[in-house]
Amino acid sequence: MTLGLGTAITKSNLNNKFLTAIFDGTNDFITVPDDDALSYTSSTGFGISFWINLNGIVSHGIITKNDEYNFYVRTITTGTQKIQFEFSVLDASESKLKLGFLSFEPEEYGTIINQWVHINGEYTTTTQARLFVNNVFGSAASQADFVDIENTTNDLLIGKAESQLLGGGDTTDVLSGAMTNLCFYSGTLTLTERTDIFNAGVSGNFTDHANNSLIAYYPLTSDLNDISGNNHHGSSATGQSPIFDLV
C-alpha cells in the first residue's frame, strides 16, 4: 500500500511473518550501477530509509556508495561493549567525514538484535549527517574542513559497507540478517513523514511525500528491482544474491 501524509494508520504487528531479503553474512550483497541520481550534495540533501533485522552481536555492513555515504553497525569492545549504528557522509577530496550515530548498551540488545529496526539517515542542506534508529535521533560528529559530499563513479552496494573510512583500506563487512522497504530520497523527510513510516511498521510502504522526491525504492520482498519507476535495478553475482524467505 502507499500512504501519504494525513493518512490514518496504526502500527503493524511486527511479529507477522512476510517475505523479505535475507543476507547470509558471508558474501550476499546487491550491486546497483553508479548513477548521478544516487549521488547527492547539500543543495538538495537526501534521505535513506529502511528496516533491518540483525542476526547476532557482530559488526554489520549495510549500505555503501564508497567515498560518498556509508551505513554500518559496529561492535565497540573497548570499555563497556556497545553496538553502534552509524551513518557517514564523506568529502573524499578533503578526506573528512560527518557522522550520525547511536549506541546501545548490552541491556538494550534485545531491542535491536533479531528484531525489526527502522533506520533513517539523512544529509541536510546545512551539511549535517543525522541518524534515527526507531525514530530516535542519535548524536552527530563532524571533522573540520569538511566541505560537501562529492559525486564519485562508485557503484551502490546493499548488504555490504566499509568498516574503515578515509584511507583505512578496503576492509568491508557484510550484513547478516534481513532488510526490506529500502528507499532513497532527494531531500529529507519531515518529522511527520518519518514518524508515519515508523508507525506503519515494517510492512507499511510510503512512497508519497510532500517535501522530497523518491529516487529508488527496493521492497526486497521478491527481487532486486527498483519500483520507483527510475529503473535503478540491483543485481547480484552468482552465489551472492540474498534469498527471499519468511522472517
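FYI, the numbering just counts along the sequence from 1. These numbers were taken from a predicted model, which means no experiment stands behind them.
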What's the verdict on side-chain contact (heavy atoms from CB on, under 4.5 Å) for Val117 and Ile119, showing C-alpha distance, side-chain angles and the deciding distance?
CA-CA 7 Å; Val117 176; Ile119 306 295; 3.9 Å; yes

What are the two closest heavy atoms between Leu97 and Leu99, and how far apart are they?
CD1-CB, 4.0 Å

Residues two or more places apart in sequence or in another chain: which of them pass side chain to side chain donor-acceptor pair (under 3.5 Å) with Ser222?
none

Considering the options Trp51, Phe50, Phe85, which one meets the ring-ring contact (aromatic ring centres under 6.0 Å, His included) requirement together with His118?
Trp51

Val58, Leu102: one ILVMFWY side-chain cluster at the under-4.5 Å cut-off?
no

Check step by step if side-chain contact (heavy atoms from CB on, under 4.5 Å) holds for Ile149 and Leu90.
CA-CA 6 Å; Ile149 192 172; Leu90 288 80; 6.0 Å; no

Reference residue Tyr218; test side-chain contact (heavy atoms from CB on, under 4.5 Å); the match among Leu182, Asp223, Asn225:
Leu182

Asn55 and Gly177: which non-hydrogen atoms are nearest, and at how many Å?
ND2-CA, 3.5 Å

Look only at the side chain of Thr124 and the backbone of Gln128, and say whether a donor-acceptor pair between them is shorter than 3.5 Å.
yes

Partners meeting side chain to side chain donor-acceptor pair (under 3.5 Å) with Thr180 (sequence neighbours left out):
none

Please check if Leu38 and Phe46 belong to a single hydrophobic cluster, counting links between Ile, Leu, Val, Met, Phe, Trp and Tyr side chain heavy atoms closer than 4.5 Å.
yes

In Å and rounded to the nearest 0.5 Å, what is the OG to CG distance from Ser235 to Leu224?
7.5 Å

Please report the shortest heavy-atom distance between Val247 and Ala178, naming the atom on each side.
CG2-CB, 4.0 Å

Treating Gln115 as the side-chain partner and Ile112 as the backbone partner, does any N or O pair qualify as donor plus acceptor under 3.5 Å?
no

Applied to residues 59-78, the salt bridge (charged side-chain N to carboxylate O under 4.0 Å, His left out) test, sequence neighbours excluded, yields Asp34-Lys65, Lys65-Glu68, Arg74-Glu86

Are a donor atom and an acceptor atom from the side chains of Asp173 and Tyr72 found within less than 3.5 Å of each other?
yes

Any chance you could measure Thr31, atom OG1, to Asp155, atom CG, to the nearest 0.5 Å?
6.0 Å

Short question: side chain of Asn151, backbone of Ser39 - any donor-acceptor pair under 3.5 Å?
no

Heavy-atom side-chain contact between Ile62 and Val73 under 4.5 Å
yes

Holding to side-chain contact (heavy atoms from CB on, under 4.5 Å), I want the full list of residues that pass it with Ala37, two or more places apart in sequence or in another chain.
Asp35, Ile215, His232

Smallest heavy-atom separation, Thr20 atom then Met179 atom, equals OG1-O, 2.7 Å

Just so I know, are the side chains of Ser176 and Phe23 near enough to count as touching, which here means a heavy-atom distance under 4.5 Å?
no

Partner residues of Phe184 under the ring-ring contact (aromatic ring centres under 6.0 Å, His included) criterion, sequence neighbours left out
none

Residues which pass side chain to side chain donor-acceptor pair (under 3.5 Å) with Asn53, listed by chain and number, not counting sequence neighbours:
none

State whether the side chain of Asn181 and the backbone N or O of Val202 hold a donor-acceptor pair below 3.5 Å, judged by distance alone.
yes

Rounded to the nearest 0.5 Å, what separation is found between the OG atom of Ser203 and the CG atom of Leu19?
12.5 Å

With distance as the sole criterion, is a donor-acceptor pair present between the side chains of Ser43 and Thr41 under 3.5 Å?
yes

Sequence neighbours left out, what pairs pass salt bridge (charged side-chain N to carboxylate O under 4.0 Å, His left out) with at least one residue falling in residues 46-61?
none

Of the non-hydrogen atoms in Asn120 and Leu189, which two are nearest, and what is the gap between them?
OD1-CD1, 3.2 Å

Strictly by salt bridge (charged side-chain N to carboxylate O under 4.0 Å, His left out), give each pair with a member in residues 102-114 just once, sequence neighbours left out.
Lys82-Glu105

Could you go step by step and tell me if Asn135 and Thr195 meet the side-chain contact (heavy atoms from CB on, under 4.5 Å) rule?
CA-CA 7 Å; Asn135 211 26; Thr195 301; 3.2 Å; yes

Give the cluster check for Ile83 versus Leu175: same hydrophobic cluster or not, with ILVMFWY residues linked at side-chain heavy-atom distances below 4.5 Å.
yes

I'd like to know if the side chain of Thr190 reaches the main chain of Glu193, judged simply by a donor and an acceptor atom lying under 3.5 Å from each other, with no hydrogens or angles considered.
yes

Does Val147 offer a backbone N or O that forms a donor-acceptor pair with the side chain of Asp91 under 3.5 Å?
yes

Do any N or O atoms from the side chain of Asp226 and from the backbone of Ala216 form a donor-acceptor pair under 3.5 angstrom?
no

Thr75 and Ser59: side chain donor to acceptor below 3.5 Å:
yes

Which pairs count as ring pair (Phe, Tyr, Trp, His ring centres under 6.0 Å) when at least one residue sits in residues 130-159, sequence neighbours excluded?
Phe132-Phe137

Between Tyr123 and Thr188, which heavy-atom pair has the shortest distance, and what is it?
O-CG2, 3.6 Å

Salt bridge (charged side-chain N to carboxylate O under 4.0 Å, His left out) pairs touching residues 123-152, sequence neighbours excluded, are Glu122-Arg130

Inter-residue atom distance Ile227.CD1 - Leu214.CG, 0.5 Å rounding:
8.5 Å

Steps toward side-chain contact (heavy atoms from CB on, under 4.5 Å) verdict (Leu156, Ile63):
CA-CA 8 Å; Leu156 170 67; Ile63 296 168; 3.7 Å; yes

Checking Lys98 against Thr127: is there a side-chain donor and acceptor pair closer than 3.5 Å?
yes

Residues forming a ring-ring contact (aromatic ring centres under 6.0 Å, His included) with Phe87, sequence neighbours excluded
Phe71

Taking a hydrophobic cluster as the set of Ile, Leu, Val, Met, Phe, Trp and Tyr residues connected by side-chain heavy atoms closer than 4.5 Å, whether directly or through intermediates, do Leu54 and Ile48 fall within one such cluster?
yes

Are Ile57 and Tyr109 side-chain neighbours, meaning at least one heavy-atom pair lies under 4.5 Å?
yes

Of all residues at least two apart in sequence or in a different chain, which pass the side chain to side chain donor-acceptor pair (under 3.5 Å) check with Asn230?
Ser228

Measure the CD-CD1 distance between Gln84 and Ile76 for me, rounded to the nearest 0.5 Å.
4.0 Å

When clusters are formed by joining ILVMFWY residues with side-chain heavy atoms under 4.5 Å apart, either directly or through shared neighbours, do Ile158 and Ile22 land in the same one?
no

